[in-house]
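One structure below.
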Amino acid sequence: MIAPTDPHTLVQATNLVLMVTLMVGCLFKWFAMGPADPPLPGLLVVAISVANSIYLSHKGSHEVAAWVLIALLFVGLIFVGYNAGGFTGPVVLMAPLIPLVAIFLINATAGCITVILVVAVLTVFFALQLNGDIAQGGDNATGVLVGRYLALVFSGHDDQSG
């Protein structure tokens with residue numbers, strides 16, 4: 001069991017969850033798209049997560065490791081959000097989780113900083129999408145449904161609107 005008073009273990013567990021999730025996602029993409037189109041950005045993030053895990057296992061600072069995780073989440077939001085259709089894709093629905101991760105892993109100040117950054121990224125996506133600079137995703141109904149489901153599950157919110 002992870003003790004809430006042990007931030008080092010909490011950051012390591014979060015890093016592990018991110019690493020495993022991305023590895024599974026990369027494998028799915030690899031099988032779906034074939035070996036001619038490897039998921040290089042995802043593999044790069046997995047490699048950074050492995051390095052972050054090694055850093056933590058050598059008694060590195062949990063705050064530095066937490067900021068690395070938050071930076072990786074932002075990279076994912078920006079890269080996948082832009083390439084998956086901005087607001088028509090499911091990734092932007094996960095954006096509110098970034099400040100929550102910052103609050104849980106670091107502190108409220110980090111949460112406030114990440115809220116400002118998330119709002120800035122989403123504002124840029126909004127402006128780009130209004131100008132037609134972000135291509136709308138193809139058939140994103142399933143992706144949006146999955147994204148909304150995950151966003152609601154992880155936020156603990158009960159959606160009664162539909």
Side-chain angles (χ1 to χ4, degrees), residues 10-11 14-15 17-34 36-52 62-162:
L10 185 59
V11 172
T14 306
N15 190 67
V17 167
L18 177 67
M19 191 177 2
V20 169
T21 303
L22 283 171
M23 288 185 339
V24 169
C26 286
L27 286 174
F28 277 125
K29 183 171 188 225
W30 194 303
F31 287 121
M33 304 300 284
D37 187 23
L40 295 178
L43 293 173
L44 177 64
V45 171
V46 168
I48 293 170
S49 294
V50 169
N52 202 28
H62 70 275
E63 283 193 19
V64 171
W67 279 112
V68 169
L69 285 172
I70 292 165
L72 290 175
L73 292 173
F74 269 108
V75 167
L77 173 65
I78 293 167
F79 182 80
V80 178
Y82 182 80
N83 290 310
F87 283 97
T88 62
V91 174
V92 295
L93 298 171
M94 303 304 262
L97 295 177
I98 297 173
L100 292 176
V101 170
I103 290 169
F104 289 132
L105 296 183
I106 304 173
N107 57 33
T109 302
C112 290
I113 292 167
T114 56
V115 164
I116 292 166
L117 293 173
V118 165
V119 168
V121 168
L122 294 178
T123 302
V124 169
F125 279 170
F126 184 68
L128 289 172
Q129 197 139 10
L130 281 177
N131 289 329
D133 294 329
I134 294 179
Q136 278 207 232
D139 182 17
N140 281 329
T142 301
V144 171
L145 178 65
V146 169
R148 288 185 180 166
Y149 168 77
L150 292 173
L152 291 172
V153 166
F154 288 122
S155 70
H157 181 265
D158 182 22
D159 185 19
Q160 300 294 326
S161 63

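What you see is a predicted model, and the numbers here were worked out from it, not measured in a lab.
Residue F125 comes nearest to Y82 through the heavy atom pair CZ-N, 3.5 Å, listed as atom of the first residue, atom of the second, then distance. Scanning both residues, W67 and I113, for their nearest heavy atoms gives CH2-CG2, 4.5 Å. The heavy-atom pair separating V11 from A66 by the smallest distance is CG1-N, 3.9 Å.
Between I70 and the options I98, V75, T14, L117, a side chain to side chain contact (heavy atoms under 4.5 Å, CB included) holds for only I98.
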- For side chain to side chain contact (heavy atoms under 4.5 Å, CB included), just list the numbers for V50 and M19, CA-CA rounded to whole Å, side-chain angles, deciding distance to a tenth of an Å, and then say yes or no. CA-CA 7 Å; V50 169; M19 191 177 2; 3.3 Å; yes
Side-chain donor-acceptor distances from residues 99-111 under 3.5 Å, at least two apart:
from	atom 1	to	atom 2	distance (Å)
N107	OD1	T109	N	3.1
N107	OD1	A110	N	2.8

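Every residue two or more places apart in sequence or in another chain that forms a side-chain contact (heavy atoms from CB on, under 4.5 Å) with V64 is listed here: Y55, S61. Applying the side-chain contact (heavy atoms from CB on, under 4.5 Å) rule to I48 yields the partners L44, V68, L72; only residues at least two apart in sequence or on another chain are considered.
Distance check: L77 CG to L122 CG gives 6.0 Å after rounding to the nearest 0.5 Å. We find the CZ-CD1 distance between F126 and I134 to be 11.0 Å, quoted to the nearest 0.5 Å.
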